[in-house]
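As a basis for the values below, the full set of heavy atoms in this structure was taken, side chains included, without hydrogen atoms, waters or symmetry mates.
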Amino acid sequence: MEGDIVSINIGYISSVIGTDIIVQMHEESNKNTYRHNGELYHGVAIRECIKVKSGLYDIVCKVEGEYLDDTKYTIDNQGKKIYTRKVLVKPIGYIENGWFFDGNKYLPMIKDEAYLMTDSELASIYNSDANMGYVIGKTLKDNIPYKVDFNSLFNKHIGIFGNTGSGKSNTLTKLYTELFSNFREKMRNKSYFVLFDFNGEYTGKQLCTGTDKQIIKLNTKTKEDTIKISEECFWDEDILGLLFKATYNTQRPFLKSIVQGRKKYKDITDSLTNYYKRSVSSFLKSTRERKEVKELFISLISLIRETNSDAKLITISDLFEKLLWHTNNNCYFYDNNQYMNNEIHISKALDVLCDIGSIDNLDFIDELIVRTNLRLINSVLSGYVQFEHISPLLNRMNALKHNLRNVISISNEDESNGSILKVISFRNCNQDIKKIL
């Protein structure tokens, strides 16, 4: 086996078919490690790297497989056959002026010589973009320090994949711990990180500590911390569509009309309360029976009763229940012959049914459900929408309202308090809220 001042020669190229390169090895090229001129070299094995000198360039190849050519052999002094060993390699890049570059810009040619690579040359492959980077560990196979250039890493989409227990979380923790340790002051008030923690792994002292780290522990069963979003962000048809899984063709346009109506009238005093009163008036004056609208009003009063214990609301709910439809007169009536085709009777009924106080100070989720009920009531009365198309959306709102209220709040203030990392823990959230958020 030959050696030179640069490296250890191990064979030569005998075949080039596309990117499949065959290296015919010298006889004594099957050791695990070598030492030459004070440098340590790793022997040829699967997934190891070798270099092929081709002109002015060193082409780096990775070993993919090896086999013996039983048609070619020599006889040693003891009469044993020594078969020719061949190795399949694939080029992964090249070294130029001490720098490693990815890609198959150059391919070796037949008879080009193959050499082992030193640890320092292997390090240039692993750390080619990280000469000013930070060491996050060592390669398991070669024990070579592995550097990361944060400028190149964190301005891209990255993924960490592996089996359970393979170290995905530890890798992520190491990456961000080094990032925050080395760039904390440079990032302050410039960069901001949000980490969605599904298993509560990062709520301790990992990554960074103190005022630089803000921890939000969400719980769908009881209200603890909340994700604070702005009012403008919440009252957006796309956000509402995502929160409540609205269909594109019918429910999203419906949500858009709610958002636009609120934006138009929200600054008018008691606008929501007056909206309710107009809706009751339209319902009482309808000339067709609307059982679904009646049920919507009953549901609406029940919702208002959750935030207001006024006994009058019980009476109002009972009155909606007792309201009947008279087929011959095509109007609603009470059993005391109070027919809603009479302006005096309508006025008396409105005085009672609309005596709900103000509903303009509801929280964000109750306001949304009230507006959805009222919009659906008016749309059904006008014949603009089919009740069956929108009612599933309303059902989802009612089903999720308690969970959402426990994990979301409305705030236009910046509550980062100078922190650079926000960890949002979903550990105590149910699956629906995890998916939605």
Okay, side chain of D236, backbone of I239: is any donor-acceptor separation there less than 3.5 Å?
yes
Taking the side chain as every heavy atom from C-beta outward, state whether E237 and L240 have any atom pair closer than 4.5 Å.
no
Donor-acceptor pairs are to be reported for all side-chain atoms of residues 429-437 against protein atoms at under 3.5 Å, with residues two or more places apart or in another chain.
from: N430; atom 1: OD1; to: D432; atom 2: N; distance (Å): 3.4
from: N430; atom 1: OD1; to: I433; atom 2: N; distance (Å): 2.9

Walk me through whether D197 and R427 qualify under salt bridge (charged side-chain N to carboxylate O under 4.0 Å, His left out).
CA-CA 7 Å; D197 186 358; R427 182 177 183 181; over 6 Å; no
What distance separates L374 CG from K277 NZ, expressed to the nearest 0.5 Å?
13.0 Å
Answer yes or no: are there more than 12 heavy-atom neighbours, outside K256 itself, under 6.0 Å from its atom NZ?
no
Side-chain donor or acceptor of S230 paired with backbone N/O of N412 under 3.5 Å:
no
Please report the closest heavy-atom contact between V380 and E292, naming both atoms and the distance.
CG1-OE2, 3.5 Å
Step by step, work out the salt bridge (charged side-chain N to carboxylate O under 4.0 Å, His left out) result for R47 and E64.
CA-CA 6 Å; R47 309 308 294 169; E64 298 288 339; 3.3 Å; yes
Run the salt bridge (charged side-chain N to carboxylate O under 4.0 Å, His left out) test on K322 and D335 for me, step by step, so that the C-alpha distance in whole Å, both residues' side-chain angles and the decisive distance to 0.1 Å come before the verdict.
CA-CA 8 Å; K322 293 177 181 178; D335 55 9; over 6 Å; no
Side chain K294, main chain L323, donor-acceptor under 3.5 Å:
yes
Electrostatic pair E231-R262, nearest N-O below 4.0 angstrom
yes
Indicate yes or no for a side-chain donor-acceptor contact from D225 to the backbone of K217 under 3.5 Å, with no hydrogens or angles considered.
yes
If the threshold is 4.0 Å, N to carboxylate O, is there a salt bridge linking E66 and R85?
yes
Side chain Y67, main chain L88, donor-acceptor under 3.5 Å
no
S317 side, atom OG; F297 side, atom CZ - distance, nearest 0.5 Å:
12.5 Å
Minimum heavy-atom distance I215-G204, with the two atoms named
CD1-O, 4.3 Å
If you define the side chain from C-beta out and look only at heavy atoms, does anything of C49 sit under 4.5 Å from I92?
yes
Tell me whether the rings of Y332 and F283 are parallel (<30°), tilted (30 to 60°) or perpendicular (>60°).
tilted
Name of the residue among R396, H389, K245 meeting side chain to side chain donor-acceptor pair (under 3.5 Å) with Q251:
R396
Within a radius of less than 6.0 Å around OH of Y384, do more than 12 heavy atoms belonging to other residues, nucleotides or ligands occur?
no
Rounding to 0.5 Å, atoms CD1 (I59) and CD1 (I13) come to a distance of 8.5 Å
Could you tell me the separation between the CG atom of L362 and the CZ atom of R371, rounded to the nearest 0.5 Å?
9.5 Å
Ring-plane angle category for Y57 and Y106, please: parallel below 30°, perpendicular beyond 60°, tilted otherwise.
parallel
Less than 4.0 Å between a side-chain N and a carboxylate O, is that true for K90 and D20?
yes
With side chains defined as the heavy atoms from C-beta onward, is the minimum distance between D270 and S358 less than 4.5 Å?
yes
Set out, in order, the CA-CA distance, both residues' side-chain angles and the distance that settles side chain to side chain contact (heavy atoms under 4.5 Å, CB included) for V407 and N219, then state yes or no.
CA-CA 7 Å; V407 299; N219 193 329; over 6 Å; no
Is K168 reaching over with its side chain to a backbone N or O of G162, donor-acceptor style, under 3.5 angstrom?
yes
If only side-chain N and O atoms count, and only distance matters, is there a donor-acceptor pair under 3.5 Å linking S54 with D112?
yes
No-hydrogen, no-angle side-chain donor-acceptor test under 3.5 Å, S279 and N378
yes
Ignoring hydrogens and geometry, is there a side-chain-to-backbone donor-acceptor pair from D355 to D351 under 3.5 Å?
no
Answer yes if the side chains of T273 and D360 hold a donor-acceptor pair under 3.5 Å, and no otherwise.
yes
Would you mind checking if D310 and R305 are paired as a salt bridge, meaning a charged N to carboxylate O distance below 4.0 Å?
no
Could you tell me whether the side chain of S181 and the main chain of T177 form a donor-acceptor pair under 3.5 Å?
yes
Please check this pair: side chain of T171 against backbone of G167, looking for a donor-acceptor N/O pair closer than 3.5 Å.
yes
Give, for atom CD of Q214 and atom NZ of K422, the distance between the pair rounded to the nearest 0.5 Å.
5.0 Å
Distance check, rounded to the nearest 0.5 Å: T372 atom OG1 versus N398 atom CG?
9.0 Å
Would you tell me whether T247 and T250 have side-chain atoms, one donor and one acceptor, within less than 3.5 Å of each other?
yes
Pairing of R290 and E295 as salt bridge, 4.0 angstrom limit
no
Is N395 reaching over with its side chain to a backbone N or O of S391, donor-acceptor style, under 3.5 angstrom?
yes
Tell me whether R252 forms a cation-pi arrangement with Y248, defined as NZ or CZ under 6.0 Å from the six-membered ring centre and within 45 degrees of its axis.
yes
Could you check whether atom CZ of F198 has more than 12 heavy atoms from other residues, nucleotides or ligands sitting under 6.0 Å from it?
yes
